[in-house]
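Before any comments, here is the structure.
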There are 2 protein chains.
Amino acid sequence: MERPRIRDYFQQDLSQNETITPKQRAILQASLDLFAEKGFDQTSTSDIAQRAGVAEGTVYRRYKTKAALRDAILAPITAHIVPILASDFSEDELRQRYPSLQAFVTAIFTDRVAFAKANVKELKVIFEMAAFDTERREQILSQIAPKMVKQMGSVINKLKADHLIVDWPNDLILQSLLSQLFGYLAQLMLELPGTEIEREQAYLITVMTKILTPGEHDQITGQ
Amino acid sequence: MERPRIRDYFQQDLSQNETITPKQRAILQASLDLFAEKGFDQTSTSDIAQRAGVAEGTVYRRYKTKAALRDAILAPITAHIVPILASDFSEDELRQRYPSLQAFVTAIFTDRVAFAKANVKELKVIFEMAAFDTERREQILSQIAPKMVKQMGSVINKLKADHLIVDWPNDLILQSLLSQLFGYLAQLMLELPGTEIEREQAYLITVMTKILTPGEHDQITGQ
DNA sequence: AAAATAAGTGAGTGATAACTCATTTTAATG
DNA sequence: CATTAAAATGAGTTATCACTCACTTATTTT
């Protein structure tokens, strides 16, 4: 059940361009950890230096500002989170036919959820930025949203054509599915008490299947 | 279509204990606005003073620290948000029978959504606090969660007894419904582009009904 | 191994933000 | 109207934080 970690792509990205020293790597790791724990504003550069075991000046050697450090952390996350969360649909999953919608939904979401679980810190960071920093939100969404809508849109269209799922506008289908997914991820990220993760996961699949299944209540009334 | 505003309870609360001067009221209003616009950390006390049209010292007259000011804002929100979001179920809605589950869900959620729309600023503030301040989150949740679970739990139990909805654990039902609601609220709060609010709202009801409707996919498999 | 380049250091700096307090202004009371 | 109390003021204090730089240590090159 090995899941890819954004962290790995992270290091991969960096070592492509220039060599990265162990101390610089420690700074990035400490920043990610602290941003996820306390949030960006609540983390000082001296906090980062302390956690990374370096002098504060070292933090500023590669990244000229704290904002640049944040962006250096954010970039690989936004770059890799979409391809993994949204891609591979048409290639792998759709090629083979699934016996039921439930089986299909299960196949698609179990490993996405596993991926999310393996990258909780990264998700926390990206959520904070997207939620409370308007500029950052627009930046992140402009990179993520179009690809996501396109990738998943093609899957949805194929399923619609075969009358396997409800005939609703794609953005509405996506919204309800993502709401369920994020609701689940919120539990992981916020470490809410009294949640049995495994049970929730099976339930998540069931609810998503139910939403997608064509049925009697599908006429959307109102304007 | 007048919906209660937390703002009103806010002023009500304050005027009960002591008299509140116009300038102090302006400070609270400015704080709420700025916290919702920029977030707590990004708002300085001088920002607040400027927006409220008072001297910075005046901000500290009633509230000894910035944190105390935050708590004074947070308290009435948490205190009144639950009774309105979760209550009145058994009293009003459940007494009369609804022709369909859809009608019941519609009746319950339309005014909750309207209430949320009328209090977007307050919701933004409470979400920021709950999302990235662990202490505040526990404080807020300990006040909100138990009441919510209890209030809505009783409604769910009655519906279950009549076999009108799925026989799932209450916390799981709540989670999926709240996920949908929050997914919708996120659009309001983040002002995401390209969303037609009215259409989403009708859709929200439909999805919630679909989730609740008993059916064939309701066995939760997996462990 | 000497020279040159890069990496790392930490005391120091300027700016900003939270918070204080002596004084002034406003409101209440006799 | 005079006196007293409360409210408001804003210049000033302290602390913290992002960021700099002259200098030291490590690494690479010749």
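All figures in this text were calculated on a predicted structure; none of them were measured in a lab. Values below: all heavy atoms of this structure, side chains included; hydrogens, waters and symmetry mates excluded. Quick note on labels: first sequence line is chain A, next is B, and so on, each numbered from 1.
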* How close or far is atom C1' of C:dT9 from atom CD1 of A:Ile27, stated in whole angstroms? -> 12 Å
* side chain to side chain donor-acceptor pair (under 3.5 Å) involving A:Glu128 - partner list, sequence neighbours excluded -> none
* **Atom-pair distance (CG on A:Asp41; C1' on D:dC17), nearest Å** => 12 Å
* So which nucleotide from C:dA18, D:dA18, C:dT9 ends up closest to the side chain of A:Lys66? -> D:dA18
* Can you find a side-chain donor-acceptor pair between B:Thr45 and B:Glu56 that sits under 3.5 Å? -> yes
* Mind checking B:Ser44 for me? I need base, sugar-phosphate or nothing, with any heavy atom below 4.0 Å counting as a touch. => sugar-phosphate
* To do: Calculate the interatomic distance between B:Lys64 atom NZ and D:dA7 atom P; express it in whole Å.
  => 12 Å
* For the pair made of OH in B:Tyr63 and P in C:dA18, what is the distance, rounded to whole Å? -> 17 Å
* Counting only side-chain N and O atoms of A:Thr45, is one of them less than 4.0 Å from OP1 or OP2 of D:dC17? -> no
* Using whole Å, report how far CD of A:Gln24 lies from P of C:dA6. => 15 Å
* Using only heavy-atom distances, determine whether the side chains of A:Ser44 and A:Asp47 contain a donor-acceptor pair under 3.5 Å. => yes
* Structure fact -> Ranking D:dC19, D:dT9, D:dA8 by distance to the side chain of A:Thr65, first place goes to D:dC19
* Asked: In terms of side-chain heavy atoms of A:Val54, which of C:dA18, D:dT9, C:dT9 is nearest?
  -> C:dT9
* Would you mind reading off the distance between A:Arg62 atom CZ and C:dT9 atom C1', rounded to a whole angstrom? => 17 Å
* **Rounded interatomic separation in angstrom, taking CD from A:Glu56 and P from D:dT20** => 12 Å
* To do: Send over the distance from A:Ile48 CD1 to D:dC17 P, rounded to a whole Å.
  => 12 Å
* If you look at every strand shown and take non-hydrogen atoms under 4.0 Å, does A:Val59 touch a base, only sugar-phosphate, or nothing? -> nothing
* Electrostatic pair B:Lys117-B:Glu198, nearest N-O below 4.0 angstrom -> yes
* Could you check whether A:Thr21 gets within reach of a base, just the sugar-phosphate, or nothing at all, counting any heavy atom under 4.0 Å? => sugar-phosphate
* Donor on one side chain, acceptor on other, B:Gln175 and A:Gln187, under 3.5 Å -> yes
* To do: Check whether any side-chain N or O of B:Lys23 sits under 4.0 Å from OP1 or OP2 of C:dT26, and answer yes or no.
  => no
* Given D:dA8, C:dA18, C:dA6, which nucleotide is nearest the side-chain atoms of A:Arg61? -> C:dA6
